[in-house]
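Here's the structure, in C-alpha cells; my notes come after.
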Amino acid sequence: MKLISKYKLFGGSQETYKHDSKINNAPMVFSVFLPKQVNDKKLPVLYWLSGLTCTEENFVIKAGAQRMAAKLGIVIVTMDTSPRNLGIKGENDSYDFGNGAGFYVNATEEKWTKHYNMYDYVYQELPVIIESNFNVTDKKSISGHSMGGHGALILALRNPSQYQSVSAFSPIVAPTRTPWGQKALKGYLGNNFESWQQYDSCELIKTATQRIPLFIDQGTNDEFLEEYLQPQRLESVCKEFNHPLILRMQSGYDHSYFFIATFIEDHLKYHSNHLK
C-alpha cells in the first residue's frame, strides 16, 4: 500500500491509500477513518459503498460521519467505485457505466471481466487488507448510497453471516427493472437474466434463507425516486416474504449528500448497536 494522504480529525486519523488489486488487476484506492481508540484496542469496521461517479473521497468529505464514528469507536472504510482509466474502449463514454460505475458486480463479459470485479473486491480482497494492516476486529457492517446502497444490500443479502448489519440511503433496489441497472447488468453480465437476479435485492429476498434486517432512508424529493430507485418494490417483496425492513421516507429530502449528512448519525448508531 502507498499512503496518499493523512489528516488528523476528532483525535483520530483519516488516511487514503493506493494499492494493486489482485482481484481487479488494477490499482485501487481506499480511505479509512481510524478513531483514536484504535491505538488501544481493536475496533469493528463499517464499509461504505458510494454511488455513480463517486470516488473514495465523496463520503469522507461530505457525509460528516467522522465525529460520531470517533465517539462510537467505529472504523469507516470507503473505496473507489471502479478501477480507473485502464484503456478499455467505452470506459469513459457515460457517467453510469465504466469508470466510476462498477455497480458492485463481478463482470463476466470479456471486455470487463479482467478488471471489473467490485463485488469480490469489497467482499473478499479489501477486508483482508484492512484486517491485516489496521487494528480492527473481523466484525463488519456495510452501508452505501444509490448504486452503493444497491451494493451494500446485495452483499449483505448474499452473505448475511458475514455482516453484523446493513443500511442504505436511496438504494437501487431492483436494478433488473430500472434503466441504470439494466444498462450496467447487460454491459457487465451480458444477456443472462439469471445472473442479473443475483445482483437484485428484490430477487434475493425471495430466496433468502437468513433474514438480515434492512434499514433504509429515502428522500421523497429524490429526482431519481420513481424511475430509478422504486423503493415500493422492495417494500412489497419484504412484506410478501416477511423480511424485516425499516424504510423511512424522509419528507422533502433529495438524492444529495445533504440528505446523507442529515441522517448519517442514525445509521452509525444503528450499526454500532449491532457491531458491539
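Side-chain atoms of Gln197 do not come within 3.5 Å of backbone N or O of Leu204 as any donor-acceptor pair. Proximity of a side-chain donor or acceptor of Gln182 to a complementary backbone N or O of Thr176 within less than 3.5 Å is detected. Asn135 places no side-chain N or O within donor-acceptor distance of the main-chain N or O of Asp40, the cut-off being under 3.5 Å. Formation of a donor-acceptor pair under 3.5 Å by the Ser272 side chain with backbone atoms of Leu268 is not found in this model. Under a 3.5 Å cut-off, the side chain of His271 and the backbone N or O of Ser141 do not form any donor-acceptor pair. The closest donor-acceptor contact from the side chain of Gln66 to the backbone of Val60 lies under 3.5 Å. Using a distance-only test at 3.5 Å, with no hydrogens or angles considered, a donor-acceptor pair links the side chain of Gln37 to the main chain of Ala70. In this structure, Asn24 contributes its side chain and Ala26 its backbone to no donor-acceptor pair below 3.5 Å. No donor-acceptor pair closer than 3.5 Å links the side chain of Asn221 to the backbone N or O of Tyr253.
Side-chain contact, Tyr123 with Asn159: a donor N or O sits under 3.5 Å from an acceptor N or O. A side-chain donor from one of Glu125 and Ser21 sits under 3.5 Å from a side-chain acceptor of the other. No side-chain N or O of Lys6 forms a donor-acceptor pair with one of Thr16 less than 3.5 Å apart. In this structure, a donor-acceptor pair under 3.5 Å is absent between the side chains of Thr55 and Glu57. Looking only at atom types and distance, the side chain of Ser167 has a donor-acceptor partner in the side chain of Ser143 under 3.5 Å away. Using modelled atom types and a 3.5 Å distance limit, the side chains of His255 and Asp222 yield a donor-acceptor pair.
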Worked verdict on Ser31 versus Gln14 for side-chain hydrogen bond (donor to acceptor under 3.5 Å, both in side chains): CA-CA 7 Å; Ser31 190; Gln14 185 72 56; 2.8 Å; yes
Intermediate values then yes/no, side chain to side chain contact (heavy atoms under 4.5 Å, CB included), Ile260 and Phe258: CA-CA 5 Å; Ile260 295 171; Phe258 295 114; over 6 Å; no
Could you go step by step and tell me if Ile212 and Val166 meet the side chain to side chain contact (heavy atoms under 4.5 Å, CB included) rule? CA-CA 8 Å; Ile212 185 170; Val166 58; 4.2 Å; yes
Evaluate side chain to side chain contact (heavy atoms under 4.5 Å, CB included) for Glu15 paired with Leu34, printing each intermediate quantity in order. CA-CA 8 Å; Glu15 303 176 6; Leu34 301 166; 3.7 Å; yes
Would you please test Gln162 and Lys140 for side chain to side chain contact (heavy atoms under 4.5 Å, CB included) and show each step? CA-CA 7 Å; Gln162 297 300 309; Lys140 52 186 178 289; 4.1 Å; yes
Would you check, one step at a time, whether the test ring pair (Phe, Tyr, Trp, His ring centres under 6.0 Å) holds for His145 with Phe259? CA-CA 10 Å; His145 172 232; Phe259 169 49; 7.5 Å; no
Show the numbers, then the answer: is there a side-chain hydrogen bond (donor to acceptor under 3.5 Å, both in side chains) between Ser256 and Lys62? CA-CA 10 Å; Ser256 72; Lys62 297 179 179 180; over 6 Å; no
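Here Thr178 pairs with Ile172, Gln230 under the side chain to side chain contact (heavy atoms under 4.5 Å, CB included) rule; sequence neighbours left out. Residues that satisfy the side-chain hydrogen bond (donor to acceptor under 3.5 Å, both in side chains) test with Gln250, not counting sequence neighbours, are Asp217.
Taking the six-membered ring where the residue is Trp, the centroids of Tyr188 and Phe97 are separated by under 6.0 Å. If you look at Tyr17 and Phe134, their ring centroids are closer than 6.0 Å. Residues His150 and Tyr199 keep their aromatic ring centres 6.0 Å or farther apart. If you look at His267 and Phe263, their ring centroids are not closer than 6.0 Å.
Using a 4.5 Å heavy-atom cutoff, the side chains of Val105 and Leu185 are in contact. Met147 has its side chain out of reach of Trp180: every pair of non-hydrogen atoms, C-beta onward, lies at least 4.5 Å apart. Between Val237 and Lys206 there is a side-chain heavy-atom pair separated by less than 4.5 Å. Between Met79 and Val29 there is no side-chain heavy-atom pair separated by less than 4.5 Å. Residues Phe30 and Ile129 form a side-chain contact, since some pair of their non-hydrogen atoms from C-beta on lies under 4.5 Å apart. In this structure, the side chains of Pro83 and Glu91 stay at 4.5 Å or more apart for every pair of heavy atoms. By the 4.5 Å heavy-atom criterion applied to side chains, Leu43 and Thr137 are not counted as neighbours. Annotation: side chain of Leu247 is not in contact with side chain of Cys238 (no heavy-atom distance under 4.5 Å).
Put simply, NZ on Lys183 and CZ on Phe103 are 10.5 Å apart, with the number rounded to the nearest 0.5 Å. Once rounded to the nearest 0.5 Å, the distance linking NZ of Lys269 with CD1 of Ile74 reads 11.0 Å. Taking SG of Cys202 as the start and CZ of Arg233 as the end, the distance is 7.5 Å to the nearest 0.5 Å. A distance of 4.5 Å separates CG in Leu234 from CD1 in Ile216, rounded to the nearest 0.5 Å. We find the NZ-CD1 distance between Lys114 and Ile88 to be 9.0 Å, quoted to the nearest 0.5 Å. Atom OG of Ser195 and atom CG of Asp200 lie 11.5 Å apart (nearest 0.5 Å).
Counting heavy-atom neighbours within 6.0 Å of Lys18 NZ, excluding the residue itself, gives a total of 12 or less. Within a 6.0 Å radius of OH in Tyr95, more than 12 heavy atoms belonging to other residues, nucleotides or ligands are found. Within a 6.0 Å radius of CZ in Arg177, other residues, nucleotides and ligands contribute 12 heavy atoms or fewer. Atom NZ of Lys71 has 12 or fewer neighbouring heavy atoms from other residues, nucleotides or ligands inside a 6.0 Å radius.
The two atoms that bring Val136 and Glu131 nearest to each other are CG2-CA, 3.7 Å, heavy atoms only. What you find for Phe59 and Ala65 is that their closest heavy atoms are CZ-CB, 3.5 Å. Heavy atoms only, all atoms of each residue included: Gly51 and Thr81 are closest at O-CG2, 3.6 Å. For Leu155 against Ile142, the heavy-atom pair with the smallest separation is CD1-CD1, 3.7 Å.
Using bins of under 30°, 30° to 60° and over 60° for the plane-to-plane angle, the ring pair Tyr270/His274 lands in the tilted bin. Using cut-offs of 30° and 60° for the angle between ring planes, the Tyr228 and Phe224 rings count as perpendicular.
Shown are Asp80, Thr53, Asn92; of these, the side-chain hydrogen bond (donor to acceptor under 3.5 Å, both in side chains) with Asn99 is made only by Asn92.
Tracing side-chain contacts under 4.5 Å through hydrophobic residues (I, L, V, M, F, W, Y), one never reaches Ile4 starting from Val75; they form parts of separate clusters.
Judged by a 6.0 Å distance limit and a 45° cone about the ring axis, Arg248 is not positioned over the six-membered ring of Phe215.
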